[in-house]
Amino acid sequence: MSNAIFRVPQPTNEPIKSYAPGTPEREALKAKFKELASLQPDIPMVIDGKAVRTGKVEECRSPHDHSKKLGRFHVGTKKHALDAIKAALKARKSWAATPFHDRAAVFLRAAELLAGPWRQVFNAAAMHTLSKNAYQAEIDAVCELVDFWRFNVKYAQDIYENQPGSLPGMWNRVEYRPLEGFVFAVSPFNFTSISGNLPTAPALMGNAVVWKPCRTTMFAAHFIMELLHAAGLPDGVINMVTGNSSEIGTAVIDHPDLAGVHFTGSTGVFQWMWKRIGENIAKYKTYPRLVGETGGKDFVFMHASADLDCAATALTRGAFEYQGQKCSAASRAYIPQSQWPKLKKKMEEQLGRVKMGSPEDFRNFMNAVIDKAAYDSITGYFPHVKPRNGASFVFGGKASDKKGWFIEPTVIKASKPDFITMREELFGPVLTLYIYPEKKFAETLKICDKTSPYALTGAVLARDRAAIRQASDALIHAAGNFYINDKPTGAVVGQQPFGGSRASGTNDKAGSFLNLIRWVSTRTTKELFVPPADFPYPFMNGN
Ligand code: NAD
């Protein structure tokens, strides 16, 4: 047993590779993309380190070519959820007792494997299964996940180092115990990095986890489990189960040993979980920690002093990268009247150059939305866009589901700031604009603050410092991640801790100590070196 106090390596952000023509990474990625296209894995659940196949299977398909099967995964039931809980509770004892440097080393090794030999596997999987272009895959499936693993190890060390003071003759100490029970991690479709982070952040802090990935991401989830196994994660620490969401969700949430939920996804699902946990509250052994990062209706607020080229670029990238399927994607914008004609021209020019299609063709900036349900839900808003409702298409508005789930980059102009697509999360490549008279800057800021129940990301674009200050103050609670003269997407671990409040979640900031602290329960110990030997106090000497 080592008696030294180790320090983890200083983390740095994983550099983003360019994939420009002629680079070695471009060739490697193209080759891996081809290889994965014919791999056809038969993906099991992983419970207690064992592959579990039920024979009931679902296919993994590419959103940009829905006739294309990538492989299949085995679907579990309530029984498998309960088996996974049993395995987690068994693994928890020895994992919780594993020294921090050993736990940390597993995730540091996972980070290096992902940055090195596994890089193009993860990129190609994200391209195939999530329909991400090479750049979007690289910043998510590789760089952000590597950053989560490297930085979380440092944040964990910072937490453990945090100790109380002691008066002479005593020693006060705080231990950061893993939670008593298991953690339920439930991940969304849109980021491989989130799929990787939700189960591993609690595991790093010594917890054992039941992880339910999203069905559309099983092809990528499979590689996460394989990589963690290769990195040396002991059996049973993270157990991956699949199946009907509400069957699995109900079985896990109703379990008395539930100690925490690490969720990212839509507001409705998180609210259902919270409600059910509330109904169950008397039967848990401990109060479950609830961490949920949920929906958004993210805004760009342009002031008349803003640079037009930067505004057009912030909107094009912010609204349409990854088909607007980032929780942080710009989906409503407030544009000053005087600037609108010039901005419109610039946006039309930029959007006219956007190409859409399979990620295999590297010229495509946009690809397909995730599945039929998303396609139907997003295009279901289009019939609302008509003059009678004060709304018109400025750009796009067409879609095709023949080969893949393709929706054009779409810009809607609404004459009322509470038009349906200014309020609701569409989660697709649709941006709605409200043109405001610049004299009403202050009033329009108030409208922006109150229009939607969400508060995830937002941006102000302006050169005028007073306007920036005014917007920043007026929108203080409107966004958990606020940008000045930038698009509202692209938060980087270690630089912009991410999360929102109001209906957007518990704001526990993924990729920061604020998140990790939710996965520990502290024990304070006071030790006296020379305890008193009799009970009277000095004031009792005489009357
Ligand atoms: P979703 O809510 O449909 O699904 C998320 C996960 O919850 C999936 O794994 C799904 O199977 C599971 N689920 C659904 N019902 C369940 C139940 N009853 N019990 C247990 N699990 C259940 O979300 P999605 O479509 O995958 O992702 C898009 C949503 O996620 C958007 O609302 C987006 O804003 C949000 N999101 C938020 C952030 C953030 O950091 N705030 C990041 C990414 C995505």
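Heads up: numbering here begins at 1 and tracks the sequence. In listed order, ligands and their atoms are each counted from 1. None of the values given here were measured: they were computed from a predicted structure.
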Requested in this report: Evaluate the side chain to side chain contact (heavy atoms under 4.5 Å, CB included) criterion for residues Tyr19 and Asn133: first the C-alpha distance (whole Å), next the side-chain angles of each, then the deciding distance (0.1 Å), finally the verdict.
Outcome: CA-CA 11 Å; Tyr19 298 88; Asn133 65 33; over 6 Å; no
Requested in this report: Evaluate the criterion ring pair (Phe, Tyr, Trp, His ring centres under 6.0 Å) for residue pair Phe419 and Tyr434; output intermediate values, then yes/no.
Outcome: CA-CA 9 Å; Phe419 181 62; Tyr434 172 67; over 10 Å; no
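The environment of NE2 in His66 is crowded: more than 12 heavy-atom neighbours from other residues, nucleotides or ligands sit within 6.0 Å.
Asn507 and Lys509 share a donor-acceptor pair across their side chains, judged by distance under 3.5 Å alone. Between the side chains of Ser131 and Asn367, not a single donor N or O lies within less than 3.5 Å of an accepting N or O.
Protein residues lining ligand 1, listed by chain and number: Val186, Ser187, Pro188, Phe189, Asn190, Ile194, Lys212, Pro213, Cys214, Ser245, Ser246, Gly249, Phe263, Thr264, Gly265, Ser266, Val269, Trp272, Met273, Glu293, Thr294, Gly295, Gly296, Cys327, Glu425, Phe427, Leu456, Phe498 [non-hydrogen atoms, distance under 4.0 Å].
Listed by first and then second residue, the salt bridge (Lys or Arg N to Asp or Glu O under 4.0 Å) pairs involving residues 320-330 amount to none (not counting sequence neighbours).
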